Amino acid sequence: MQNLEKNYDPSLIEDKIYKMWNENECFKAHVDPEKEPYTIVIPPPNITGQLHMGHALDNTLQDILIRYKRMCGYATLWLPGTDHASIATEAKIVEAMRKEGVSKDDIGRDGFLERAWAWKETYGGRIIEQLKKLGSSCDWSRERFTLDEGCSKAVQDVFMHLYEKGLIYRGERIINWCPHCLTSISDAEVEFEEQNGHFWHLRYPFEDGSGYLELATTRPETLLGDTAVAVNPKDERYEDMVGKYLILPLVGRRIPVIADDYVEQEFGTGVVKITPAHDPNDFEVGARHNLEVINVMTDDAKITADYPKYAGMDRYEARKAIVADLEEGGFLVRVEDYAHNVGTCYRCGTTVEPRVSKQWFVAMETLAKPAIEAVRTGDIKFIPERFEKNYFHWMENIRDWCISRQLWWGHRIPAYYCDDPDCGEMVVSREPVTICPKCGKPMHQDPDTLDTWFSSALWPFSTLGWPEDTEDLKYFYPTSILVTGYDIITFWVSRMIFSGLEYTGKSPFKNVLIHGLVRDAQGRKMSKSLGNGIDPLEIIRDYGADALRFTLVTGNSPGNDMRFSNEGVEASRNFANKLWNATRFALTYLTRDEVELPAVLQPEDKWILHKLNGVIADVRDNLEKFELGIAAQKLYDFVWDDLCDWYIELIKPRLFETNPDESTRASAQNVIGYVLVRTIELLHPFMPFITEELYHSVPHIKGMGDILMMQEYPAYSADLEFPAEAEQMGYLMDLIKQVRQLRQKMGVPFSRKTNLYLVTEHPDTYRAGVEYIKRLASATDLFFEPLAGDVNAATVVTSDAKVFIPLGELVDIEKEKARLEKEKAKLLSEIARIDGKLNNPGFVSKAPEKVVNDERAKREALARQLANVEDVYSKL
RNA sequence: GGAGGCAUAGCUCAGCCGGUUAGAGCGCUCGCUUCACAUGCGAGAGGUCAUGGGUUCGAGUCCCUUUGCCUCCACCA
């Protein structure tokens with residue numbers, strides 16, 4: 001036992017507590033056949049990352065769940081790690097190199113990878129340290145990295161598996177190309193944003209000089225690659241023109257007019273120029289009509305040397321030049337303003353350039369089917385459920401996944417090509433292949449790497465040792481729950497689901513708990529460019545990790561965004577301080593090393609134990625249903641209202657030295673000690689630091705160990721149910737409140753104490769509480785008899801008691817009468833309302849019995865109170 | 001174009017399977033150095049639960065309509 005400071009200072013204890021847990025290996029998971037496993041794999045943060053509020057929320061939720069389950073006796077594993085984040089990390093390194101005046105080509109692949117690994121060493125650990133500050137109880141001995149040996153092995157295996165099954169193929173297709181990152185990206189990595197642009201109406205002349213065909217485009221520069229013009233086959237306006245040829249302005253290419261259903265008659269002129277190399281739809285049309293695919297741009301989106309006049313210009317310069325030339329040549333009809341959606345790279349925001357190139361793809365259809373089924377059948381559940389709709393929509397309309405990236409930082413594609421282009425042999429192999437099996441010439445490996453999400457998709461099992469059949473994999477897989485934001489469902493969650501099903505035959509997790517975004521106080525997304533990000537580490541420094549965690553979890557419901565403000569953190573910080581001080585108070589009267597529930601309990605003891613028991617049941621129930629915010633709110637209310645505002649105040653007279661009764665003093669000590677320990681246990685998953693610290697100060701219940709996080713979570717106990725006593729206490733507390741109210745209304749100063757004359761049919765409860773009633777209702781003395789004689793008294797009436805308060809000159813009898821009349825009228829209308837319900841045959845016959853009985857009980861209480869009011873009134 | 005979400009006190013939000021007189025934090029008003037806490041204590045003001053309809057004995061809660069805000073997906077050149 002130790003003395004506590006007046007105010008809780010988290011900075012003094014958090015690091016110490018975390019170190020203690022770590023040294024005692026509290027985070028370490030153990031395969032234990034006697035226990036049930038409970039597993040969470042962390043959504044691996046990027047090694048480029050700094051802990052932001054999104055991480056703080058995500059990891060707070062995971063830590064609450066894992067700490068709860070650990071205390072419930074599960075063999076828990078929270079597996080941490082980081083993601084190599086190929087495109088994001090590579091971009092950062094390239095940028096850093098650019099500042100030094102070094103390019104990737106200057107240092108070559110090996111040199112670059114050396115730098116990348118050095119980067120990982122420097123920054124990869126940073127976010128891990130930040131997660132520890134939050135209190136995350138991860139098993140750090142099992143920490144993994146998406147590019148470590150084991151994960152790489154898993155990636156190789158999966159690639160081989162899918163290739164052999166024919167589900168990975170290489171093909172020349174149109175893909176999304178980022179001219180800044182200089183790599184292909186998948187459809188999921190393209191973000192569309194509305195931009196104000198123009199609609200250029202052009203006219204292409206017929207070859208035979210018989211006029212023009214008018215069409216419109218948002219991208220005139222792609223004209224260089226046009227290989228046809230298309231109309232709808234049903235469009236009568238252009239019926240006769242199909243099959244004729246046009247001369248492409250500025251280029252002079254002879255291109256056909258074709259008919260294709262893709263063209264909408266009603267849109268624009270109903271004529272579309274077809275550029276198979278630079279538009280995904282045009283590419284499809286081109287494929288159907290065997291059109292030539294002409295790439296007019298370099299990989300950094302400049303016009304190729306094939307068009308000398310525009311060669312070297314970037315897309316937008318070329319656009320200007322071409323529009324000017326079209327105008328000069330009389331091909332430009334008009335220009336209109338036009339807002340349209342433009343695809344941008346989700347990493348750098350550069351406008352994506354659709355481009356035909358040879359890439360690797362995963363054929364999705366066969367993989368998607370069981371993944372849809374797993375959610376459909378409830379094998380995997382999303383919380384909240386509505387996100388399943390998003391998932392289904394994406395999965396059901398899925399297109400093949402472009403997985404190759406023209407990057408160096410990542411898992412290199414295990415494909416080898418013969419150096420002799422005439423041979424053209426390709427081998428996919430786990431082991432390096434240097435000699436062409438077909439022609440004997442040297443072979444070289446595919447320079448590309450895999451989409452970073454390809455490895456994250458395997459995270460729930462690659463981290464447990466897959467493809468080896470390890471003890472961990474056997475025991476901890478499938479994982480129990482995945483906690484992540486809705487923004488990442490398509491990128492990650494869905495890919496883990498089909499991956500888990502395909503490679504392990506099992507769904508990788510049972511539940512997916514989705515949370516929203518943490519926004520700033522004005523509701524804006526926190527972003528670097530806005531500079532409105534709030535640094536969780538600063539909040540931890542100023543208010544403590546527990547306060548941050550509690551803020552993030554309260555008032556937050558699954559799937560919904562939340563706003564973060566300092567006022568909220570202050571409230572949480574105050575709550576921590578409240579708990580601290582409640583304990584500090586108790587400790588000044590608690591001199592024992594152990595507490596136990598006494599055999600004889602006072603009414604207020606039974607009341608608080610009954611309340612505690614209810615909270616235990618509720619909190620467990622809420623946590624099982626992933627209602628973390630509600631659970632936190634209930635604990636807050638219990639601690640502040642029930643425990644501090646009432647129970648502690650109620651037992652003060654028993655604890656003080658002025659109490660001559662040794663036995664009630666001892667029982668009060670035991671009960672407050674017991675309730676405190678249970679409360680600290682209940683709160684531990686939410687506020688691990690302060691509860692652990694307090695646990696080391698308070699006396700324990702017999703049999704408890706030294707470390708709170710390893711204790712059993714409190715369980716509901718039928719022995720602690722005291723409904724009758726709790727109800728009586730409710731009346732008593734109501735009485736105290738009403739006396740306070742009355743005094744306040746009548747302007748009686750706090751310091752002026754009065755006698756109370758109490759008439760009740762249940763005097764025992766009140767007799768047991770004489771001391772605290774005096775304290776809490778500002779009474780000098782309490783008499784269990786009616787006020788005798790002709791004395792001016794104000795009255796308080798509950799359904800269980802009548803109280804007369806002699807206040808002499810402060811009482812105005814007429815006002816008292818008016819007040820009681822008002823009260824009577826209120827009671828009558830309440831009773832009438834309930835009678836209305838009870839006299840309704842529909843209600844009595846159809847409503848559940850409990851509801852009807854509750855109404856009856858309520859009516860009885862009101863009737864008693866009414867009788868009391870009438871009785872008091874008659875005596876005025 | 002398709003799908004989803006939100007709308008509850010001045011502000012930010014809870015409200016689970018429909019069941020008292022709809023809650024919390026912050027803010028506001030009044031009063032308190034009451035021997036844990038002013039990061040506090042006590043009392044209070046403040047809500048037609050966006051709109052219109054429906055289902056039901058009973059609707060903030062379920063269904064439909066309208067309005068406003070937001071998000072995701074699609075990408076008609």
Side-chain angles (χ1 to χ4, degrees), chain A residues 4 6-8 190 192 199 215-219 222 230 262-264 266-275 279-282 285 340-343 384 386-387 389-390 392-394 397 486-487 489-490 516-517 521 523 543 547 551 554-557 559-565 567-568 570-589 618 621-622 625 627 629-630 633 636-637 640 644-645 648-649 652 656 737 740-741 743-745 747 749-751 775-776 778 826 830 833-834 837 840-848 850-852 854-855 857-858:
Chain A
L4 302 182
K6 185 173 163 190
N7 283 329
Y8 171 55
V190 178
F192 285 91
F199 215 19
L215 52 84
T217 178
T218 54
R219 301 197 54 199
T222 62
Y262 156 70
V263 182
E264 305 234 349
E266 292 74 30
F267 191 85
T269 55
V271 183
V272 187
K273 65 186 217 46
I274 301 296
T275 321
D279 182 280
N281 291 305
D282 292 7
V285 174
H340 61 135
N341 283 330
V342 176
R386 68 180 130 95
F387 288 100
K389 236 176 182 168
N390 288 4
F392 287 136
H393 185 257
W394 192 73
N397 297 289
Y486 57 68
D487 49 335
I489 293 174
T490 48
L517 262 41
Y543 299 96
T551 308
T554 43
N556 189 6
S557 52
N560 293 332
D561 290 354
M562 69 176 300
R563 298 193 193 202
F564 190 92
S565 68
E567 288 75 39
E570 269 171 36
S572 301
R573 187 267 320 259
N574 294 352
F575 176 59
N577 193 52
K578 189 74 181 172
L579 180 71
W580 180 264
N581 271 289
T583 309
R584 192 162 77 97
F585 167 78
L587 286 179
T588 54
Y589 298 97
D618 283 358
D621 186 49
N622 289 136
K625 292 194 290 198
E627 296 163 350
I630 296 173
Q633 187 63 50
Y636 181 99
D637 292 342
W640 208 300
C644 293
D645 286 349
I648 286 180
E649 294 305 325
K652 272 180 179 173
F656 289 159
K737 277 197 228 171
R740 286 172 178 167
Q741 259 170 43
R743 291 171 52 94
Q744 199 94 22
K745 253 187 220 163
F750 183 83
S751 50
R775 278 174 57 86
L776 301 182
S778 298
K826 204 178 126 197
E830 264 301 291
R833 205 181 55 82
I834 292 175
K837 272 190 179 182
N840 179 342
F843 176 71
V844 180
S845 62
K846 289 186 184 171
K850 187 185 178 300
V851 174
V852 178
D854 284 354
E855 288 293 324
K858 208 182 309 159

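Values in this document were obtained by computation on a predicted structure and should not be read as measured data.
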Rounded to whole angstrom units, what separation is found between the [atom1] atom of [X] and the [atom2] atom of [N]?
| X | N | atom1 | atom2 | result |
| --- | --- | --- | --- | --- |
| N390(A) | G2(B) | CG | C1' | 12 Å |
| K837(A) | G18(B) | NZ | P | 16 Å |
| R386(A) | U71(B) | CZ | P | 15 Å |
| E567(A) | G25(B) | CD | C1' | 10 Å |
| F750(A) | U33(B) | CZ | C1' | 12 Å |
| M562(A) | G25(B) | CE | P | 16 Å |
| F192(A) | A77(B) | CZ | P | 10 Å |
| R584(A) | C35(B) | CZ | P | 13 Å |

First encountered from the 5' end of RNA chain B, between D621(A) and Y8(A):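 Nearest-nucleotide comparison on RNA chain B picks D621(A).
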For P749(A) and for E266(A), locate the closest nucleotide of RNA chain B by heavy-atom distance; then report the residue assigned to the nucleotide nearer the 5' terminus.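 That would be P749(A).
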Can you tell me if the side-chain N/O atoms of [X] get under 4.0 Å from OP1 or OP2 in [N]?
| X | N | result |
| --- | --- | --- |
| S557(A) | A14(B) | yes |
| R563(A) | C13(B) | yes |
| K625(A) | C16(B) | no |
| K6(A) | A38(B) | yes |
| N574(A) | G40(B) | yes |
| K652(A) | U34(B) | no |
| Y589(A) | A36(B) | yes |

Nearest-nucleotide pick for [X], side chain only, options being [options]:
| X | options | answer |
| --- | --- | --- |
| N622(A) | C16(B), A77(B), A36(B) | C16(B) |
| F267(A) | A77(B), A36(B), U39(B) | A77(B) |
| K858(A) | U20(B), A77(B), G19(B) | U20(B) |
| V272(A) | A3(B), A36(B), A77(B) | A77(B) |
| I648(A) | A77(B), A36(B), C37(B) | A36(B) |
| R573(A) | U39(B), A77(B), G5(B) | U39(B) |
| Q633(A) | A36(B), A3(B), A24(B) | A24(B) |

Which atoms form the tightest heavy-atom contact between [X] and [Y], and what is the distance?
| X | Y | answer |
| --- | --- | --- |
| G343(A) | V190(A) | CA-CG1, 3.6 Å |
| D561(A) | L517(A) | OD1-N, 2.8 Å |
| C644(A) | K578(A) | CB-CE, 3.6 Å |
| K273(A) | D282(A) | O-OD2, 3.3 Å |
| S557(A) | N560(A) | OG-ND2, 2.9 Å |

Under the rule syn = chi within 90° of 0, otherwise anti, which is C73(B)?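 C73(B): anti glycosidic orientation.
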Using a 4.0 Å heavy-atom cut-off across all strands, classify [X] as base, sugar-phosphate, or nothing.
| X | value |
| --- | --- |
| F575(A) | nothing |
| T218(A) | sugar-phosphate |
| A571(A) | sugar-phosphate |
| P848(A) | base |
| E570(A) | nothing |

Measuring only the [atom1] atom in each nucleotide, how far is [N] from [M]? A whole number of Å is fine.
| N | M | atom1 | answer |
| --- | --- | --- | --- |
| U51(B) | U8(B) | P | 10 Å |
| A3(B) | G46(B) | P | 44 Å |
| A50(B) | C69(B) | C1' | 11 Å |
| G60(B) | A7(B) | C1' | 12 Å |
| U20(B) | G44(B) | C1' | 23 Å |
| G42(B) | G4(B) | C1' | 46 Å |
| A9(B) | G23(B) | P | 14 Å |
| G54(B) | C72(B) | C1' | 31 Å |

Would K652(A) and F585(A) count as a cation-pi pair here, with the cationic atom under 6.0 angstrom from the ring centre and within 45° of the axis?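 Pair K652(A)/F585(A) counts as cation-pi.
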Could you measure the distance from the [atom1] atom of [X] to the [atom2] atom of [Y]? Nearest 0.5 Å is fine.
| X | Y | atom1 | atom2 | answer |
| --- | --- | --- | --- | --- |
| N622(A) | Q633(A) | CG | CD | 11.0 Å |
| W580(A) | R573(A) | CH2 | CZ | 14.5 Å |
| I648(A) | T583(A) | CD1 | OG1 | 8.0 Å |

[N] pairs with, by Watson-Crick or G-U criteria that keep both distances under 3.5 Å:
| N | answer |
| --- | --- |
| G23(B) | C13(B) |
| G18(B) | none |
| U66(B) | A50(B) |
| G1(B) | C73(B) |
| C41(B) | G31(B) |

Would you tabulate the nitrogen or oxygen pairs shorter than 3.5 Å linking the protein to nucleotides 41-43 of chain B?
from	atom 1	to	atom 2	distance (Å)
C41(B)	OP1	K578(A)	NZ	2.6
C41(B)	OP1	W640(A)	NE1	2.7
C41(B)	OP1	D645(A)	OD1	3.3
G42(B)	O3'	R740(A)	NH1	3.4
G42(B)	N2	Q744(A)	NE2	2.7

Is any side-chain N or O of N341(A) under 3.5 Å from a base N or O of C75(B), one able to act as donor and the other as acceptor?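 A donor-acceptor contact between them is present.
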In plain terms, say whether K850(A) and D854(A) are close enough for a salt bridge, that is, a side-chain N and a carboxylate O under 4.0 Å apart.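 Yes, K850(A) and D854(A) are salt-bridged.
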Do we see a donor-acceptor contact under 3.5 Å between the side chains of N574(A) and Y543(A)?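 No, no side-chain donor-acceptor contact under 3.5 Å.
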T275(A) backbone acceptor or donor facing D279(A) side chain under 3.5 Å: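 Looks like no, no N/O pair under 3.5 Å.
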